[in-house]
Amino acid sequence: MTFLLLIAGIAVNTILCVFTGGSVVIGLVFSLIGLPHSNSKNNWFSMDTIKFVLTILFTLLTLIIFMLITYASIRTAGTLAFSRLDLFQAKKMLLLGFIQGVFSLTAFKWPLPRFLGALKLDTKHKWVIASGSVLSITGGGITWLYLM
């Protein structure tokens with residue numbers, strides 16, 4: 001049962017990490033395409049250009065942080081699933097699940113809608129985002145209880 005929970009957490013967090021990484025790459029490409037072209041140095045540091053660049057920078061930074069959290073959760077779940085069970089790894093998995101849940105809740109409710117406008121996430125998207133953190137918390141908690 002513990003193995004299946006950890007593998008399910010790995011699968012869901014891998015999907016989250018891959019799609020977040022793809023969003024970062026696509027966002028970077030489109031931000032470079034949409035960057036206002038200027039012929040002189042005076043226009044380069046205009047308020048509109050600075051606002052555009054900072055909005056893109058903070059949006060991509062938020063997504064990269066979310067991607068790093070999910071990647072750390074994948075690695076920890078893989079260590080727990082395919083090697084000897086360790087209490088420290090179980091605690092780390094539980095903590096990463098909580099961090100992932102809190103960060104995703106705050107990132108998708110507060111800074112990203114402020115930078116990008118209203119996010120149109122379907123119910124399926126919200127379930128996948130929530131299931132990543134729930135499976136991480138459950139896998140780490142079950143492993144921790146098993147080792148006690």
Side-chain angles (χ1 to χ4, degrees), residues 1-37 46-148:
M1 170 100 170
T2 306
F3 180 75
L4 292 177
L5 278 173
L6 292 171
I7 294 300
I10 289 171
V12 171
N13 283 325
T14 300
I15 291 169
L16 284 173
C17 192
V18 165
F19 281 113
T20 306
S23 299
V24 167
V25 170
I26 289 172
L28 185 63
V29 167
F30 281 120
S31 67
L32 290 176
I33 290 172
L35 191 64
H37 297 288
S46 69
M47 233 10 213
D48 292 333
T49 306
I50 291 172
K51 183 180 176 185
F52 178 77
V53 169
L54 286 178
T55 301
I56 296 298
L57 178 74
F58 286 128
T59 302
L60 293 178
L61 186 65
T62 304
L63 291 175
I64 287 171
I65 290 171
F66 181 72
M67 188 175 63
L68 290 174
I69 292 170
T70 56
Y71 177 71
S73 182
I74 292 167
R75 284 193 53 151
T76 307
T79 303
L80 280 174
F82 296 113
S83 67
R84 194 176 119 260
L85 294 178
D86 184 18
L87 186 62
F88 174 73
Q89 293 293 326
K91 290 178 182 179
K92 182 179 173 183
M93 181 77 184
L94 187 67
L95 181 65
L96 280 171
F98 279 120
I99 290 172
Q100 182 180 354
V102 168
F103 186 80
S104 63
L105 180 68
T106 56
F108 290 119
K109 290 290 183 185
W110 179 60
L112 287 180
R114 184 173 286 185
F115 295 139
L116 300 174
L119 296 175
K120 295 176 181 142
L121 294 175
D122 293 337
T123 306
K124 291 182 211 177
H125 298 121
K126 292 176 186 176
W127 276 103
V128 170
I129 292 169
S131 67
S133 61
V134 167
L135 285 172
S136 295
I137 291 169
T138 307
I142 294 286
T143 308
W144 189 359
L145 290 175
Y146 176 74
L147 290 172
M148 289 185 94

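Model, not experiment: these values are computed from the prediction.
Atom CD1 of I64 and atom OG of S23 lie 11.5 Å apart (nearest 0.5 Å). Taking CD1 of I56 as the reference point, atom CZ of F58 lies at 12.0 Å (rounded to 0.5 Å). To the nearest 0.5 angstrom, I15 atom CD1 is 12.0 Å from I129 atom CD1. For the atom pair CG (L60) and CD1 (I26), the distance works out to 11.5 Å, reported to the nearest 0.5 Å. One distance of note links OG1 of T76 with NZ of K91; it measures 14.5 Å at 0.5 Å rounding. One distance of note links CG of L6 with CE of M1; it measures 11.0 Å at 0.5 Å rounding.
Two residues are said to be in side-chain contact when any heavy atoms from C-beta on lie closer than 4.5 Å; I7 and F82 meet this criterion. Here the side chains of L80 and M93 are in contact, with some heavy-atom distance below 4.5 Å. Side-chain atoms of T79 and K92, non-hydrogen and from C-beta on, never get closer than 4.5 Å to each other. Contact of the T70 side chain with the T20 side chain is not registered, since no non-hydrogen atoms from C-beta on lie closer than 4.5 Å. Proximity of L28 to S31: side-chain heavy atoms (C-beta onward) are separated by under 4.5 Å at one or more points.
Between P113 and F108, the closest heavy-atom pair is CG-O, 3.4 Å. Nearest heavy atom pair, residue A77 against residue I10, reads CB-CG1, 3.5 Å. What you find for G97 and S133 is that their closest heavy atoms are O-CB, 3.5 Å. Shortest non-hydrogen contact noted between S136 and Q100 is OG-OE1, 3.7 Å.
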(request) Run the numbers on L63 and L112 for side-chain contact (heavy atoms from CB on, under 4.5 Å), then give the verdict. (result) CA-CA 9 Å; L63 291 175; L112 287 180; 4.3 Å; yes

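Judged purely by atom type and a 3.5 angstrom limit, S131 uses its side chain to pair as donor or acceptor with the backbone of V128.
Among the candidates L5, L94, L147, the single residue satisfying the side-chain contact (heavy atoms from CB on, under 4.5 Å) test with I142 is L5.
A parallel orientation is assigned to the rings of F103 and F66, their planes being inclined by less than 30° (bins at 30° and 60°).
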